[in-house]
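Report on the structure given below.
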Amino acid sequence: MLRKSPLFMLALLTATATACAHKQAMAPPAPPPPAPAPVVAAAPPAPAASAAVACASDQACAPDQLCVGGACTAITPSLSACGLTRVHFDFDADQIHPSAYPALQRMARCLQANQPAHVLITGNADERGTVAYNLALGQRRAAAVRKYLVDLGVQRAPLALVSYGKELPLCEEHDEACWAQNRRSGIRPDEAAKDVKAKVQADERREEAAPKK
């Protein structure tokens, strides 16, 4: 049997090792292990909506709420209950009738919660009497409403007064039912005073030109 020389054996081992190394270099790398799925914390349960407080009047609600439809409702500028509010007066009177107190108290809540920059308080009279007399009467009515609101804690500064006298009637029939609607004061949040001088002067000229009875 032929004996293999040590040099031959060394060359054979070297060739074998080189071939193995080449195969290992050509083999594709093993894919990385999959990343563990992230742990997502469970969201806390949503707080339950607070039930609306039932009410029979505004006094049963918080100061920044009104009783609307039997439930306490937050006061916002868009709340219809905080819009134009009217109160009416007896003939030739500027004292606020007790029946008007709830409407004025509700408006006071609205003004204190919303704090509008302008609030127009108007005064009106019915058609009887002169222009000058009815202008003065309308002014007294508007002033009485302002005083009542201020006494309830409303800031005086935004409250502007204007008297329309017998201008701008709600009703134009010539009877007591119609006159009662026109003896009024209106509260208009977010509205500035209007100039009624031209209308008043036109009425005065018409009165002066009318035949004397």
Side-chain angles (χ1 to χ4, degrees), residues 47-126 134-171 177-197 199:
S50 56
V53 177
C55 58
S57 68
D58 292 339
Q59 285 66 37
C61 302
D64 59 349
Q65 295 178 327
L66 293 182
C67 185
V68 180
C72 291
T73 305
I75 295 173
T76 63
S78 60
L79 189 65
S80 60
C82 291
L84 168 64
T85 297
R86 293 191 181 102
V87 296
H88 294 83
F89 293 82
D90 292 333
F91 171 68
D92 202 28
D94 55 33
Q95 293 81 27
I96 297 173
H97 197 274
S99 62
Y101 291 166
L104 293 177
Q105 291 165 2
R106 167 166 281 203
M107 177 53 67
R109 280 181 172 242
C110 292
L111 297 179
Q112 288 171 314
N114 292 330
Q115 297 186 358
H118 303 284
V119 180
L120 180 63
I121 303 177
T122 60
N124 300 72
D126 62 39
N134 283 313
L135 279 174
L137 180 57
Q139 187 74 12
R140 294 198 302 273
R141 287 170 174 167
V145 168
R146 179 174 65 183
K147 182 180 184 304
Y148 189 86
L149 293 175
V150 171
D151 288 346
L152 290 175
V154 176
Q155 293 296 316
R156 183 187 179 93
L159 307 180
L161 306 184
V162 62
S163 174
Y164 291 107
K166 57 185 177 180
E167 293 288 347
L168 305 180
L170 289 177
C171 178
C178 193
W179 293 332
Q181 294 183 52
N182 295 332
R183 299 191 298 262
R184 69 193 190 277
S185 178
I187 307 168
R188 302 170 181 268
D190 290 317
E191 190 168 336
K194 295 180 178 178
D195 182 12
V196 294
K197 183 177 180 180
K199 284 189 175 183

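The analysis underlying the following values was restricted to heavy atoms, covering all of them including side chains, and did not include hydrogens, waters or symmetry mates. If you read the sequence from its start, that first residue is 1, and numbering goes on from there.
- Interatomic distance, N124 CG to N134 CG, rounded to the nearest 0.5 Å: 10.0 Å.
- R141 contributes atom CZ, which lies 14.5 Å from atom CG of L161 (distance to the nearest 0.5 angstrom).
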Just do the side chain to side chain contact (heavy atoms under 4.5 Å, CB included) check on D90 and H97 with the steps written out, would you?
CA-CA 8 Å; D90 292 333; H97 197 274; 3.9 Å; yes

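- You'll find the side chain of R156 reaches within 4.5 Å of the side chain of R146, heavy atoms only.
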Apply the test side chain to side chain contact (heavy atoms under 4.5 Å, CB included) to residues V145 and L159: give CA-CA distance (whole Å), side-chain angles for both, the deciding distance (0.1 Å), then the verdict.
CA-CA 10 Å; V145 168; L159 307 180; over 6 Å; no

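- Closest approach of P116 to D190, counting heavy atoms only: CB-OD1, 3.2 Å.
- Taking each heavy atom of A74 and L79 in turn, the nearest pair found is O-CD2, 3.9 Å.
- Rounding to the nearest 0.5 Å places CD1 of I75 at 6.5 Å from CZ of R109.
- Here the closest heavy-atom approach between residue G123 and residue A142 is recorded as N-CB, 3.9 Å.
- A donor-acceptor pair is defined here as one N or O able to donate and one able to accept, closer than 3.5 Å; no such pair exists between the side chain of H118 and the backbone of E191.
- Shortest non-hydrogen contact noted between V162 and Q139 is C-OE1, 4.1 Å.
- Taking a cutoff of 4.0 Å between a charged side-chain nitrogen and a carboxylate oxygen, D126 and R183 qualify as a salt bridge.
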Quick one, I96 with F89, criterion side chain to side chain contact (heavy atoms under 4.5 Å, CB included). Give me CA distance, side-chain angles, the key distance, then yes/no.
CA-CA 7 Å; I96 297 173; F89 293 82; 4.2 Å; yes

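- Counting only heavy atoms from C-beta outward, the side chains of V87 and R184 never approach each other to under 4.5 Å.
- Of all heavy-atom pairs spanning L170 and R86, the tightest one is CD2-NH2, 3.6 Å.
- Inter-residue side-chain proximity for P189 and M107 is flagged as met; some heavy-atom pair is nearer than 4.5 Å.
- Separation of atoms CG (L137) and CG (D94) is listed at 6.5 Å; rounding is to 0.5 Å.
- Closest approach of P102 to P98, counting heavy atoms only: CD-O, 3.8 Å.
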C171 and C178: disulfide (SG to SG under 2.5 Å), yes or no, with the steps?
CA-CA 5 Å; C171 178; C178 193; 2.0 Å; yes

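- For the atom pair Q59 CD and L66 CG, the distance stands at 10.0 Å (nearest 0.5 Å).
- When the SG-SG distance for C67 and C61 is compared with the 2.5 Å cut-off, it comes out at or above that value.
- Under the 4.5 Å side-chain criterion, counting only non-hydrogen atoms from C-beta, T122 is in contact with R188.
- A donor-acceptor pair is defined here as one N or O able to donate and one able to accept, closer than 3.5 Å; no such pair exists between the side chain of S57 and the backbone of C55.
- To the nearest 0.5 angstrom, Q112 atom CD is 9.0 Å from L149 atom CG.
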